Structures are given as structure tokens and as C-alpha cells.
Number of protein chains: 2
Amino acid sequence: MGVSLKDVALRAGVSLRTASKVVNGSPHLRPATRERVLRAVDELGYRPNLTARHLRSGRTGLITMAVPDVARPYFAELAGAVIETAARYGRTVLLDHTGGSYERELTVCNGARSHLADGLILSPVRLAEEDLRARADQAPLVLLGGGEYRVPYDHIAIDDVAAARTAVRHLASLGRRRIAFVGASDDRARREADLRLRGWREELAAAGTVPSTALVAATDGRGRQDGLAAMTRLLARQRSRGRPVPDAVFACNDQLALGAMRALAQHGLRVPEDVAVVGFDDTEEGRYAAVSLTTIAPDTSAIARLAVTRLVERISWDGASPPPAPVRITPGHTLVVRESTTGRSGTGRAPPRPAAPAFEPAAPAHAFAGCQSRQPPVARGTV
Amino acid sequence: MGVSLKDVALRAGVSLRTASKVVNGSPHLRPATRERVLRAVDELGYRPNLTARHLRSGRTGLITMAVPDVARPYFAELAGAVIETAARYGRTVLLDHTGGSYERELTVCNGARSHLADGLILSPVRLAEEDLRARADQAPLVLLGGGEYRVPYDHIAIDDVAAARTAVRHLASLGRRRIAFVGASDDRARREADLRLRGWREELAAAGTVPSTALVAATDGRGRQDGLAAMTRLLARQRSRGRPVPDAVFACNDQLALGAMRALAQHGLRVPEDVAVVGFDDTEEGRYAAVSLTTIAPDTSAIARLAVTRLVERISWDGASPPPAPVRITPGHTLVVRESTTGRSGTGRAPPRPAAPAFEPAAPAHAFAGCQSRQPPVARGTV
DNA sequence: GTGAAAGCGCTAACAG
DNA sequence: CTGTTAGCGCTTTCAC
């Protein structure tokens, strides 16, 4: 079936070794020999068998990336950036879904693709510290997001609590007092949601308000439909109790925010006049919404770049020198102010601004330079 | 470093063969033996080396999926569906970007990942028929979208021309007469854009209108920004010439449509009162837009399912029986009518409807049953 | 039921 | 500079 290097060597009248060298572009070969082998390769339509090469070298050039669901805009954009970066390092990305399920996260982290990929980039949602500690796979792992983990793995995550506080502070600074939170986790097992909720709570407390649980709406999922449903429920609940409706919403991500905005419109509430809305992630969708969405913009491209860089560094560790120490990197985030909080101010109907260039952590000068600096989150208004 | 089956066998005091059998769950083994091996596996923390297994079996269990860019919502949703389906068949998806570039499409189709993946699912944008004919890789290939290709490969694509005509007909039926097209291909090399443009042209001609090139806006990319820019240009051009502004827009995809809507708002034009808008793809984003987007909904989940099914069938072909004939499958599409063409009619502020259940082509009864029926595209209003 | 041996396609030691 | 020889870790004929 497949034509192997042996066939090529035979045809070219050289040894296997020589053919191998030609194919791998080794120098020190008589041009005539090289020529002959190359011709044989062409005539036979030889294609190197990567699997065999990998078995020999112990490396596959593959990286597994595991996210809850690529169909979710944030992860689609993140995965896209990771794929591009990985390609620049000659790596291919194997994309896995965890569905945000604890079991599937555990499976992936314990090497579902054992020996297939050289390393793993994981966006854990529910995985706990002890699960990672008990990890039964030795392939390099880089964690993305999800707050604090005291584990011996590289971990790249913005400061969710601080970011949430920035968002809430922005709303408070606009004079909003009844700031709702959309997208809490039902069972509190969703780490990220929990951190952002904590930020909401802390900032309100700091402002002297008592955070009311009546203003917290939990959701099952993370999609637009979930945001719409949660907001609808929250409004109904408040009204049925004769309580005033919130005058601001901080949503756990952009899609929840957009869904919530849909619900607000259905109830005749205007954004931002009646209710100001802030999202999280700065997905492109929010930038072009009819009322463009104010949001927290994590430095996604830095996250992707750092994830790949760290992983590749670990994969290509020579095994001799002291192993690279696990790092905790906190990329910057930015508050991007758009119409959903300040309306069509100033420039009137200007196109939605692209996100302000997000904070750039000190980047490795070249491929394998480390980036161990811990950067404080930076919040910056963009008007 | 890694612990191999040999180590396990040694530890359990059995032969390699036996250990292999246990690991692969073969029957006919003395329970005691099995027990002993399993214990050794546990104690040593053995993980099978998939690369080696693959080298031996000639199969890797991997499927490459190549799309222009997963960050684009349609491809994110499609890739998500493919990943889920593939997982059900025990396959893993290796995701590649082509960037919609001709060269990269060519590279991928000619087996950039030779022998690494068992098969390829490709969404070609610019690849021509002759490129596919001259394909230098024998791994099974399933094509997705992009109109007609007279090539010996499975090809799953809705009828773009008919779908576009349906969209335009809908606009015409609402009394719109100056129907613009947003998202034409600059160099006509983008097959899909060209087909949809043709549909626009044909339907207008059928309605007795002369399609005016002044109403066609080409774009470089396929994103929201491109739609916004194109629409802005088109409006400026029309106005500068003292020509009336269009009263409807058919965009080549949802993101272009959403960008165009942003531009219309900036020019003080209301949707749908002044300008009705129809998109293409039925990405979730359009369903929750402030003015929800009327669109053409391809049966994405059927496309994903069929793609994986066909590919797996070909991969597991025994080599003996007559090879499965290449099929051309035309999944259904649906016109989903939402607010961007008919406003908040009837139900007032009802939530945007989920897409109507799209037409379902006769599906394989079980995993490997063929689905060779050629289904006519079905357009169905959903009010 | 279990063991020995061959080999998937390739690369890395060694010789020559 | 090139050829010969071992394996990488696994499955799979074959014997026993």
C-alpha cells in the first residue's frame, strides 16, 4: 500500500540510511546521490510516515487543547489563536471537548491521549486542586484560566476577581446602585464563575452596599439562551416581589450579557439608559452588537502565545538541565467601555472601537525565553 | 522513561503477548493471569503508547479537519459538531487552519499530515476542481461546502445558489426592490461567495429586475468589520451618485450581515423598516441580535454527522469489497424568518425562535450504512 | 491459553 | 560520505 523509505532507497539504489538523510535534508551528501533519491521520491510518490518517525523520536509534534466547547465564542477565538501560534512552532493542535464536565476534564488531564500528544493545554472549569495533584500523566500541562491553583504546573490566568471588581466599579461609578450578577454557578463548582461572583460581592461591599442574593442569577450553561432566561427570571422575581428592577447587570461572559440584553429589551428596558450592562471576554460579537457591549478584555492573544510557548519549552526540555520551574502568569486585562454602559456618547454613531491594545506582559524575546514575571492586572478605561 | 508493555509482562511474569491481550480486553484468558497483569499495569502506571499501536495497525484514529478559521462562528459551530460526532466514533479531531488561502488549502489537501490522520474533512474556499483531481494523497477525503466539484470524493454541500435565491425571493416578496449583495469575492476565487452571488443575480433576473453591479459590495474577509466597511462604502457610493439607498441587503454570511446592520444604524437607517436584512448560516449570534437576523439555516448538524460518517466508513473500508462510491450529498437548508426582515410582528417581543428543525436528509440507520440519496434543497418559511 | 519471533517505517549508532 | 544493524512499543502470525 504505502510506499516506504525502503522502496525509495531500493529504487534509487542507495541504502535506507542515505535515503533517510536526503529526506531529512541532512547536508554532506553527494549532489548526485541526493538527486537520485529525490527523483525516486517523486516517481514513487513517497510520503514520510509521521507515525513511525514519532515512535522513533518519542515526540509527535501534537498538542492537545481541551476546552469546554469550541462553539463558544471565547474558546473559538482562543483556540484559533492557539492553533496559529502552534503552527508557527511546527505543532498541530488536537482539539478536545470537555463539555465543562468534571469527569471529562479528569479524563483529559489524566492523559486520555497518552503518548499521542506531547503536551496538554487545558481550560479547566470544575477540576479541583487535588485532582491536578493526583494527576496520572507525565506529559507537560499548561492550565488556562480558572483562578488560583496551587499545583506544580504552568498556569496562565487573568485575575478574575480583580477584573470583576473593575467591571462593577465602572458600573458603580456611573451611579448604578442595583447591580445584578448574571451567570453564577448553580453548584458553585464552576471556578471562574465563582471568582467573578466574588469580585462582584467584594466590590459592592467595598462601596458600602450589601450584596443582595436577590440580584444574583445562576445559570446552567454559559450561552445566550442562559443569559436570556436568567435575566427574565430575575426581572420577574423582582417585580413579583414589588422590588425595583436592577439598574445594571454584570454578566459572567459576553454571551450571557447579550442574552440578558435581549431579555431587557423584551421587558421594555433600554440599555444603557435603564440598565447598564457589562460583559466579560471581549468576544468580537459584543463589539458589533446593536448596542455595543462594554466588557472586560483579557489579553487573549498573549494567553494563547504564552500557553504554546510554555508548553513547547517544556516539551523540548533536554532532560538534563534543571527542569523549568512552573510559573503562574497573570496576563493583563482591560475594561473596554462601549455603548452598553455609556451610550452613544461623544462620537455619536461611531463604529464600535476595537478593544484597546490590551496590557502586554513582558514577552519572551525568543521562543524559549521564560516569562515568569507576575504582572498585576491592569484596568484601563477606553472612551 | 515510559513504562512499556514489556515491563508489565515482566512484572506479571507473563509473556508480552499475554499482557497485550489483557490490555486489549481479549477473552480466553485465565482470570488469575488477567488479574496479575492488571495489577502490574496499575502498580507500574502503564499507559499504552498509541503511537506504537498506530504504527502497527496503520491507523491513528485521528481525523484532520481543515477550515479557514475556527474563530469564525460558523466554523466554530461546525467544528464543535464534528468533534462531538467524531468522539462518538472514537476518533479525535486535529484542527487545521487554511486561512482561506489557496496555497494552504492545497497543502492540506495534498497530505500535510501524511499518515498522521486517517482522513481529512476539508472546507475548501478557493481550491479548484483540477487541484483536487491532482491530489497527491490517498487518505480518504470529505469535502464540505463550496458548490459543485466534479471529483471522485465525498462531497457534502447545500445548494448555495438555491439558498441564495430563496433569501432574495423572501426579500422581494416583502416588496423590496433594491436588494444589495454584501460579501462578493474580490477576485471571484471564493467559490461559495460566487455561488451565492449567482443566486442573487438569478433570482433578481427571474423577478424581472436587472441586477445592478452598483448594489454589489465585495469584501476582503468574511467578518463583521468587513460587512460594516462594505455597507458603509456602498451607502456612500449610492448617495454620492444621487442614487437611492438599497431597501434590502442579502449578505453572504451572518457576520457580514451583522456588520452591515451596524453600518445601517450609523447612517440612521432602521432595520427592517428602511432596509431589510438577510444573512446566511444561522449562527447563534444572529438569533440573539437586538434585531434578530433572518437567515438561511444550513442543516449544520447533519453536515457534521454525515461528514464524519462518510469519512469513518471510508477509513474502515476493508479493502476487499468494492470501494464505496463517492457521493454528493445536498443537505437541506431552511429560511428562518426573524425580525430583520419582518420586524417584531405578531408575537411582539417574543424571544427569537430557535431555528426551525431543518430538513433532515435520509440518515444512515447505523454507523456505516451509506447515505447516497441526493436530496433537493428545501426552503421553508418560519413565521 | 500462552510463549517466541517477526516486523510496522523510521532514525541513530556504529562501522567501513 | 555511505551502508549495516538495532531497536522505538506494539500487535500478530505462528507454534507449543
Side-chain angles (χ1 to χ4, degrees), chain A residues 1-38 40-41 44-62 111 113-118 138-139 318-319, chain B residues 1-38 40-41 44-62 111 113-118 137-139 319:
Chain A
M1 209 210 64
V3 19
S4 82
L5 202 53
K6 197 160 118 196
D7 302 325
V8 172
L10 220 62
R11 171 101 175 201
V14 298
S15 81
L16 230 182
R17 173 76 186 116
T18 308
S20 172
K21 282 197 149 183
V22 171
V23 167
N24 289 298
S26 156
H28 314 307
L29 279 176
R30 204 169 301 162
T33 315
R34 174 190 311 270
E35 187 62 32
R36 214 144 24 99
V37 172
L38 252 24
V41 163
L44 266 42
Y46 166 76
R47 334 232 50 198
N49 183 325
L50 298 184
T51 308
R53 195 176 276 178
H54 294 157
L55 174 57
R56 196 69 184 76
S57 66
R59 301 261 161 74
T60 63
L62 298 179
R113 310 257 167 273
S114 60
H115 296 260
L116 214 183
D118 298 332
Q138 75 306 339
D318 60 13
Chain B
M1 209 211 66
V3 18
S4 80
L5 239 195
K6 197 161 116 195
D7 302 325
V8 172
L10 219 62
R11 171 102 176 198
V14 299
S15 80
L16 233 179
R17 169 82 186 112
T18 309
S20 172
K21 280 197 151 182
V22 172
V23 167
N24 290 298
S26 155
H28 315 307
L29 280 176
R30 204 169 303 161
T33 314
R34 174 189 310 271
E35 188 61 34
R36 211 142 28 96
V37 172
L38 253 22
V41 163
L44 265 43
Y46 166 77
R47 336 231 49 197
N49 183 326
L50 298 184
T51 307
R53 191 176 281 178
H54 294 158
L55 175 57
R56 191 63 205 151
S57 66
R59 300 261 163 75
T60 64
L62 297 179
R113 311 256 165 271
S114 56
H115 298 261
L116 214 183
D118 297 334
D137 193 48
Q138 76 304 340

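Keep in mind that what you see is a predicted model, and the values were worked out from it rather than measured. In what follows, chains are A, B, ... by sequence order, proteins preceding strands, each numbered from 1.
- At the heavy-atom level, B:Leu29 lies under 4.0 Å from the strands shown only through sugar-phosphate atoms.
- Between B:Leu29 atom CG and B:Arg34 atom CZ the span is 5.0 Å, to the nearest 0.5 Å.
- Atom-to-atom, CZ of B:Arg47 to C1' of D:dC8 comes out at 19 Å; the value is rounded to the nearest Å.
- When side chains are defined from C-beta on, B:Leu116 counts as touching A:Leu62, because their heavy atoms get closer than 4.5 Å.
- The closest donor-acceptor contact from the side chain of B:Thr51 to the backbone of A:His115 lies under 3.5 Å.
- In this structure, CG of A:Leu50 is placed 11 Å from C1' of C:dC10, rounded to the nearest angstrom.
- Here the CZ-CD distance, from A:Arg47 to B:Gln138, works out to 8.0 Å after rounding to the nearest 0.5 Å.
- Whole-Å rounding puts the B:Arg30 CZ to C:dT2 C1' distance at 8 Å.
- Remark: C1' of C:dT2 and CZ of B:Arg36 are 11 Å apart, rounded to the nearest angstrom.
- Summarising the geometry, atom CG belonging to B:Leu50 is positioned 12.5 Å from atom CG belonging to B:Leu55; distances are rounded to the nearest 0.5 Å.
- Atom pair A:Lys6:NZ and D:dG3:C1' shows a separation of 15 Å (rounding to whole Å applied).
- Within the structure, side chain to side chain donor-acceptor pair (under 3.5 Å) contacts touching residues 52-61 of chain A (residues at least two apart or in different chains) are A:Thr60-A:Asp118.
- Put simply, A:Thr33 has a side-chain N or O that comes within less than 4.0 Å of OP1 or OP2 on D:dT2.
- Regarding A:Leu116, its CG atom lies at a distance of 14 Å from the C1' atom of D:dG9, rounded to whole Å.
- For the pair B:Ser15 and C:dA4, the criterion of a side-chain N or O lying under 4.0 Å from OP1 or OP2 is not met.
- Side-chain contact between A:Ser4 and A:Asn49: absent, with no pair of heavy atoms (C-beta onward) separated by less than 4.5 Å.
- One atom, CG of A:Leu55, and another, P of D:dG7, lie 14 Å apart when rounded to the nearest Å.
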Next item on the list: Encode nucleotides 11-16 of chain C as B, S and - characters from 5' to 3', where the letter depends on protein heavy atoms closer than 4.0 Å: B to the base, S only to sugar-phosphate, - to neither.
Entry: BBB---

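- Note: CZ (A:Arg34) to P (D:dC1) measures 11 Å, nearest angstrom.
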